[in-house]
Visitor: 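Shown below is the structure under consideration.
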Number of protein chains: 2
Amino acid sequence: MTEPTPAYKARLFEPLARQPASHRISTVIEQKILRRSLRPGDALPTETELAEQFAVNRSTVREALRRLESAGLVGREGGSKRLKVTRPGHAETASRVGRTLALDDVTFIELWEAMRAVAPRVAALSAEQGNAADVAQLEAIVAAVETARSADGAVNQVVEFFGKLAELSGNRVLQLAMQPVTRLLAPSLRRMIDRVPQGRTRILVAQRCIVEAIREHKPDEAESWMTRHVQDFRRGYELAGIALDTKVGIGSMAD
Amino acid sequence: MTEPTPAYKARLFEPLARQPASHRISTVIEQKILRRSLRPGDALPTETELAEQFAVNRSTVREALRRLESAGLVGREGGSKRLKVTRPGHAETASRVGRTLALDDVTFIELWEAMRAVAPRVAALSAEQGNAADVAQLEAIVAAVETARSADGAVNQVVEFFGKLAELSGNRVLQLAMQPVTRLLAPSLRRMIDRVPQGRTRILVAQRCIVEAIREHKPDEAESWMTRHVQDFRRGYELAGIALDTKVGIGSMAD
DNA sequence: TCGCACTATATTGTCCGACAATCGGACTAT
DNA sequence: ATAGTCCGATTGTCGGACAATATAGTGCGA
């Protein structure tokens with residue numbers, strides 16, 4: 001599946017890659033950025049200059065730039081005209097991951113498993129790191145979950161809760177891992193809340209316990225509460241009578 | 001931090017978004033793909049046709065296409081000329097995530113925490129799912145780790161091991177989460193092996209135990225062995241005298 | 001009728017030159 | 001200092017052009 005080479009025929013030569021100039025150009029610039037020769041904030045040369053330096057037409061340069069732009073490696077700040085080197089924002093990367101997963105028809109249970117793996121550790125780390133201000137922010141979100149009038153609003157706040165938690169953990173890897181998962185899980189959560197009336201209050205209880213554990217810097221408690229919380233989510237989902245292998249849709253991709 | 005508006009001055013109007021035509025075009029096509037009007041495998045119209053339909057110049061269409069190409073939403077199969085709709089490959093998405101993290105100067109400890117969260121669950125799931133053929137593949141990789149002559153070779157095989165494990169788990173979310181992490185962790189592992197001679201054999205022992213647990217369908221054992229394995233990795237790292245907050249570099253981005 | 005070489009056509013990658021819109025400054029008047 | 005004006009630089013888009021080559025026919029031989 002991951003091996004494109006047919007096993008029955010050893011290939012002597014790779015198909016020599018004659019990449020279009022535009023592609024090679026974007027690769028060169030990309031490398032410069034990844035190797036920090038070009039640093040975030042630096043302005044790129046103008047299109048005309050680049051065209052001269054690479055000795056190609058400006059149109060060719062532009063195609064390369066569009067590619068880098070889409071990769072999030074360059075972009076504009078404000079209404080500016082010049083392109084600058086930017087570091088790909090987490091939000092954008094996360095949304096790209098979400099897209100990949102959604103197009104892959106991942107199922108609820110796959111997302112849930114990821115949640116089960118990551119969320120408890122995130123909670124534990126947050127309990128180690130969190131300070132009073134952080135806890136206050138979490139409490140604000142929990143309050144918003146409670147008072148949200150629409151189910152959609154509540155769901156969004158729950159997503160926020162996890163996002164903030166990931167932020168508090170101080171771990172950008174876990175943060176980036178969690179973001180697409182929660183976003184894709186949101187529609188499922190929405191349906192679950194609709195069909196299981198007590199679901200929302202159970203969420204609130206769990207959140208309060210987690211926040212409490214974080215406030216008191218008890219990682220183990222935070223972790224175990226989060227574990228229970230995630231388990232609960234699945235149970236609610238089953239209770240709602242939705243199949244675990246339901247494909248999550250694109251509904252949540254609100255770029 | 002996330003609020004660019006100065007607090008002291010309420011902004012009355014949003015900056016009105018004048019998107020370039022090429023950008024709007026790529027968005028339109030992207031939406032068609034995400035909403036499954038265009039499905040993977042479908043061929044896009046030719047550039048000339050698109051230019052006619054959108055009533056723009058071909059150059060403009062091309063810029064839009066480069067954007068989509070970079071997003072992994074369209075691409076070519078083989079040496080083909082026509083662009084086809086493709087689902088963004090996991091490999092590509094994973095490498096993009098890796099890039100984002102690397103440019104963010106994530107530290108060893110952050111990656112390790114992610115590993116700690118995900119890997120044990122992956123092992124457990126694999127133990128539930130794995131069949132004899134899968135186990136054989138894992139054993140092959142373990143053997144390769146043992147017989148690898150160069151340290152680099154061994155490290156690559158270890159990465160392979162985790163990759164295969166993630167594949168066996170049948171969970172594409174965890175698979176996608178794990179891939180960038182292991183790849184970014186590879187150089188650290190390399191250095192660790194260099195400095196801690198017994199590291200390699202410890203890895204082998206752990207891998208054997210994990211494979212054994214998978215063969216016998218014992219998720220709990222697989223999980224706890226993996227937990228120990230990951231803990232061990234960290235200990236080896238500390239033993240090697242490398243700071244836990246060492247930034248991982250771009251070294252592993254071998255696109 | 002099938003398979004294969006060969007040709008014609010379509011399509012892409014790149015180039016050239018052009019132009020309107022507008023952004024960044026410099027310079028000026030209030 | 002602020003607002004108004006002017007100008008060069010830069011981007012976004014356009015139209016047309018051409019070589020290279022993938023694709024589709026087309027015809028030929030078995």
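These numbers come from a predicted model, not from an experiment.
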Visitor: Look at the side chain of B/R58 against the base of C/dT12 and say whether a donor-acceptor pair falls under 3.5 Å; ignore hydrogens and angles.
Guide: no

Visitor: Could you check which residues of residues 38-50 of chain A get a heavy atom under 4.0 Å from DNA chain D? Sort them by number, please.
Guide: A/T46, A/E47

Visitor: Salt bridge or not between B/D104 and A/R87? Use side-chain N to carboxylate O under 4.0 Å.
Guide: yes

Visitor: Would you say the side-chain atoms of B/N57 and B/S59 include a donor-acceptor pair closer than 3.5 Å?
Guide: yes

Visitor: May I ask you to verify if any side-chain N or O of B/R18 is less than 4.0 angstrom from the OP1 or OP2 atom of C/dC23?
Guide: yes

Visitor: Has the side chain of A/N171 got a donor or acceptor atom that lies under 3.5 Å from a matching backbone atom of B/E110?
Guide: yes

Visitor: Salt bridge or not for A/R99 and B/E30, using N-O below 4.0 Å?
Guide: yes

Visitor: Say whether, by atom type as modelled, one donor and one acceptor occur between the side chain of B/T27 and the main chain of B/H23 under 3.5 angstrom.
Guide: yes

Visitor: Looking at A/R36 and A/D42, does any basic side-chain N land under 4.0 Å from a carboxylate oxygen?
Guide: no

Visitor: Expressed in angstrom and rounded to an integer, what is the separation of A/F54 atom CZ from C/dC15 atom P?
Guide: 12 Å

Visitor: For residues A/V28 and A/F54, determine if any side-chain heavy atom of one lies less than 4.5 Å from a side-chain heavy atom of the other.
Guide: yes

Visitor: Please check if atom CZ in B/R39 has more than 12 non-hydrogen atoms from other residues, nucleotides or ligands closer than 6.0 Å.
Guide: no

Visitor: When you measure from the side chain of A/R190 to the backbone N and O of A/V155, does any donor-acceptor pair fall under 3.5 Å?
Guide: no

Visitor: Does anyone know the first and last nucleotide of DNA chain D in reach of chain B, 5' to 3', at under 4.0 angstrom to a heavy atom?
Guide: D/dG12 to D/dT23

Visitor: Between A/S80 and A/E63, just flag the one whose closest nucleotide in DNA chain C comes earlier from the 5' side.
Guide: A/E63

Visitor: From the options B/E52, B/E47, B/E63, select the one residue that forms a salt bridge (Lys or Arg N to Asp or Glu O under 4.0 Å) with B/R58.
Guide: B/E47

Visitor: Hey, can you pull the residues of residues 64-76 of chain B with a non-hydrogen atom under 4.0 angstrom from DNA chain D?
Guide: none

Visitor: At under 4.0 Å, does any side-chain N or O of A/N57 touch on OP1 or OP2 of C/dC16?
Guide: yes

Visitor: Are any side-chain N or O atoms of B/R66 and backbone N or O atoms of A/R67, one a donor and one an acceptor, separated by less than 3.5 Å?
Guide: no

Visitor: Tell me whether the side-chain N/O atoms of B/R62 come closer than 4.0 Å to OP1 or OP2 in C/dG13.
Guide: yes

Visitor: Using only side-chain N and O atoms of A/T60, determine if any of them is under 4.0 Å from OP1 or OP2 of C/dC15.
Guide: yes

